[in-house]
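Just so it is clear, the model here is predicted, and its values are computed rather than measured.
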Amino acid sequence: MILYGTNPIAWSNDDDWSIGDHLSLDDCLRDCREIGFDGIEKGHKMPDEGSALKAKLGEYGLRFAAGWHSTNLLVNDIETEMKALQGFIDMVKAAGGDHINACECSNTVHGNDDIAVNDRPIMTDAEWDRFARGYEALSHYAHEQGVTMGYHHHMGTIIETPEDIDRFMAQAGPYTRLLFDTGHARFGGGDPVAILAKYVDRVSHIHCKNVRPPVMRDVRDNGLSFLEGVRRGAFTVPGDPDGCIDFAPVLKIAADSGYSGWIVIEAEQDSLRYEPLSYQGLGYRTLRELAARVGLR
């Protein structure tokens, strides 16, 4: 069964809290209910305690889809990382969820306005080995408790390009799963359809993010930060004619593979420029119409 969700970064950004600070959590959740989403991922304005989060979302008829967890495997020992992960697992389960969006953030630049996204960290062979082994251990640890960790390939991080994804998925073990993100795949220099086709059997969660090519080129060519790209409108929703991603073949691959789970519109924008109710509604309607066309149910 397919569930349709969104992420509150379309209303209030989690990396730059000044973006969308004028909107409350209730503004966000009211819009989600009006649009018809099944659920939503976690944002910084939501309760951090799982049962309180579940209750808050329940007020609007929404389910908890997933939450971002930053790993720090390149600087911490595995015991420290497991302890931190355990706290997040407990929160996710109490909130009624079973998925974690994980990303290595010990050296990421995506939240730093002073560093160009082009200047992302690159791992040595020894770091690749440490990271892949550590992440697999954390994935197995979560799996034993009924929770899936999906690795979020992301701009400005160690796993960004198609080559990064290939190496990571080859080195990591059987419990490692991929959170597939169309926008980060495209911005990272890849073909979203080709990447999903290659790894769909190991994909645990799908983010549908569209990309505005002129802004993407501006970020790359002029050495801008990831956050500056967000402010300039690098990302948008499915169905926006300014975007360059065709979501029909993406959903067709999911349908043909028997994918079951969340399809999430995760498209951070400046909510003063791009009104969330309108844009998220467009994205939701677009995905539902395309899914019906390709047989994704």
Side-chain angles (χ1 to χ4, degrees), residues 1-17 19-47 53-54 56-69 92 95-101 103 150 152 154 179-184 192 203-212 230 233-240 243 245 247 250-251 254 259-291 296:
M1 181 178 71
I2 297 300
L3 296 167
Y4 291 89
T6 187
N7 187 294
I9 55 174
W11 287 262
S12 302
N13 193 277
D14 280 334
D15 294 311
D16 179 350
W17 287 14
I19 302 174
D21 192 50
H22 64 291
L23 295 173
S24 70
L25 175 58
D26 289 294
D27 291 330
C28 170
L29 300 182
R30 274 194 298 269
D31 285 352
C32 291
R33 179 173 61 190
E34 181 175 340
I35 292 166
F37 285 115
D38 296 305
I40 189 169
E41 296 183 335
K42 191 178 185 306
H44 72 273
K45 292 184 177 178
M46 294 180 179
L53 175 55
K54 182 177 183 179
K56 184 63 180 179
L57 298 184
E59 294 175 14
Y60 293 87
L62 297 168
R63 298 169 59 172
F64 178 61
W68 174 289
H69 176 69
V92 166
D98 61 4
H99 194 277
I100 292 173
N101 303 342
C103 185
H152 193 342
H154 197 289
L179 186 165
F180 173 71
D181 187 298
T182 56
H184 285 285
V203 165
S204 59
H205 203 75
I206 295 176
H207 277 177
C208 289
K209 184 199 302 282
N210 212 343
V211 176
R212 293 184 175 96
V230 170
F235 302 117
T236 185
V237 300
D240 185 345
I245 295 176
F247 288 88
V250 170
L251 298 186
Y259 175 81
S260 179
W262 288 95
I263 303 286
V264 174
I265 300 174
E266 199 240 17
E268 56 266 57
Q269 302 192 96
D270 183 345
S271 49
L272 284 173
R273 293 179 62 192
Y274 305 103
E275 202 273 321
L277 180 62
S278 298
Y279 275 85
Q280 291 287 305
L282 171 62
Y284 175 79
R285 292 189 300 273
T286 298
L287 291 180
R288 293 299 298 258
E289 290 167 5
L290 291 175
L296 180 64

What do the steps show when you test His154 against Trp68 for ring-ring contact (aromatic ring centres under 6.0 Å, His included), and what is the final call? CA-CA 12 Å; His154 197 289; Trp68 174 289; 5.5 Å; yes
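- The line from CG of Asn210 to CZ of Phe235 is 10.5 Å long, rounded to the nearest 0.5 Å.
- Counting only heavy atoms from C-beta outward, the side chains of Pro8 and Ile40 approach each other to under 4.5 Å.
- With values rounded to the nearest 0.5 angstrom, Cys32 atom SG is found 16.0 Å from Tyr4 atom OH.
- When all heavy atoms are compared, the tightest approach of Phe180 to Pro192 is CZ-O, 3.2 Å.
- Nearest heavy-atom pair across Asp240 and Tyr279 is OD2-CE2, 3.4 Å.
- Side-chain N/O atoms of Tyr60 and Asp26 include a donor and acceptor closer than 3.5 Å.
- Under the 6.0 Å cut-off for aromatic ring centres, His207 and His184 do not qualify, their centroids lying 6.0 Å or more apart.
- In this structure, the side chain of Thr236 does not engage the main chain of Val211 through any donor-acceptor pair within 3.5 Å.
- By the neighbour-count criterion of 12 heavy atoms within 6.0 Å, atom NZ of Lys54 is sparsely surrounded, having that number or fewer from other residues, nucleotides or ligands.
- The nearest pair of heavy atoms linking Ala65 to His205 is O-CE1, 3.9 Å.
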List the steps, then state whether side chain to side chain contact (heavy atoms under 4.5 Å, CB included) holds for Ser204 with Tyr259. CA-CA 9 Å; Ser204 59; Tyr259 175 81; over 6 Å; no
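- At least one donor-acceptor pair closer than 3.5 Å links the side chain of Arg212 to the backbone N or O of Gly233.
- Proximity of Leu29 to Glu59: side-chain heavy atoms (C-beta onward) are nowhere separated by under 4.5 Å.
- Applying the salt bridge (charged side-chain N to carboxylate O under 4.0 Å, His left out) definition to pairs two or more places apart or across chains, those involving residues 34-44 are Lys42-Asp48.
- At a threshold of 4.5 Å between non-hydrogen side-chain atoms, the residues Leu3 and Ile263 do not count as touching.
- Note that Arg288 lies outside the cation-pi zone of Phe37, set by a 6.0 Å cut-off to the ring centre and a 45° limit from the axis.
- Taken from CD in Gln280 to CG in Asp31, the straight-line distance is 9.0 Å, to the nearest 0.5 Å.
- In this structure, CD1 on Ile100 lies 14.0 Å from NE2 on His152, to the nearest 0.5 angstrom.
- Of all heavy-atom pairs between Ala10 and Pro276, the closest is O-CG, 3.4 Å.
- Ile206 has its side chain out of reach of Val264: every pair of non-hydrogen atoms, C-beta onward, lies at least 4.5 Å apart.
- Under the 4.5 Å side-chain criterion, counting only non-hydrogen atoms from C-beta, Pro47 is in contact with Leu25.
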Apply the test side chain to side chain donor-acceptor pair (under 3.5 Å) to residues His44 and Asp14: give CA-CA distance (whole Å), side-chain angles for both, the deciding distance (0.1 Å), then the verdict. CA-CA 6 Å; His44 72 273; Asp14 280 334; 2.6 Å; yes
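- The salt bridge (charged side-chain N to carboxylate O under 4.0 Å, His left out) analysis of residues 262-271, with sequence neighbours excluded, yields the pairs Lys209-Glu266, Lys209-Glu268.
- Ring centroids of His99 and Trp262 are separated by 6.0 Å or more, keeping the two rings apart.
- A heavy-atom distance below 4.5 Å is not found between the side chains of Asp16 and Val230.
- We find the OG1-CD1 distance between Thr182 and Ile245 to be 4.0 Å, quoted to the nearest 0.5 Å.
- A donor-acceptor contact shorter than 3.5 Å links the side chain of Thr6 to the backbone of Ile265.
- Between the CD atom in Glu289 and the OH atom in Tyr284 there is a gap of 10.5 Å [rounded to 0.5 Å].
- Looking at Leu23 and Ser271, their side chains come closer than 4.5 Å, going by heavy atoms from C-beta outward.
- Screening Leu287, Leu282, Thr286 for a side-chain contact (heavy atoms from CB on, under 4.5 Å) with Val237, the sole residue that qualifies is Leu282.
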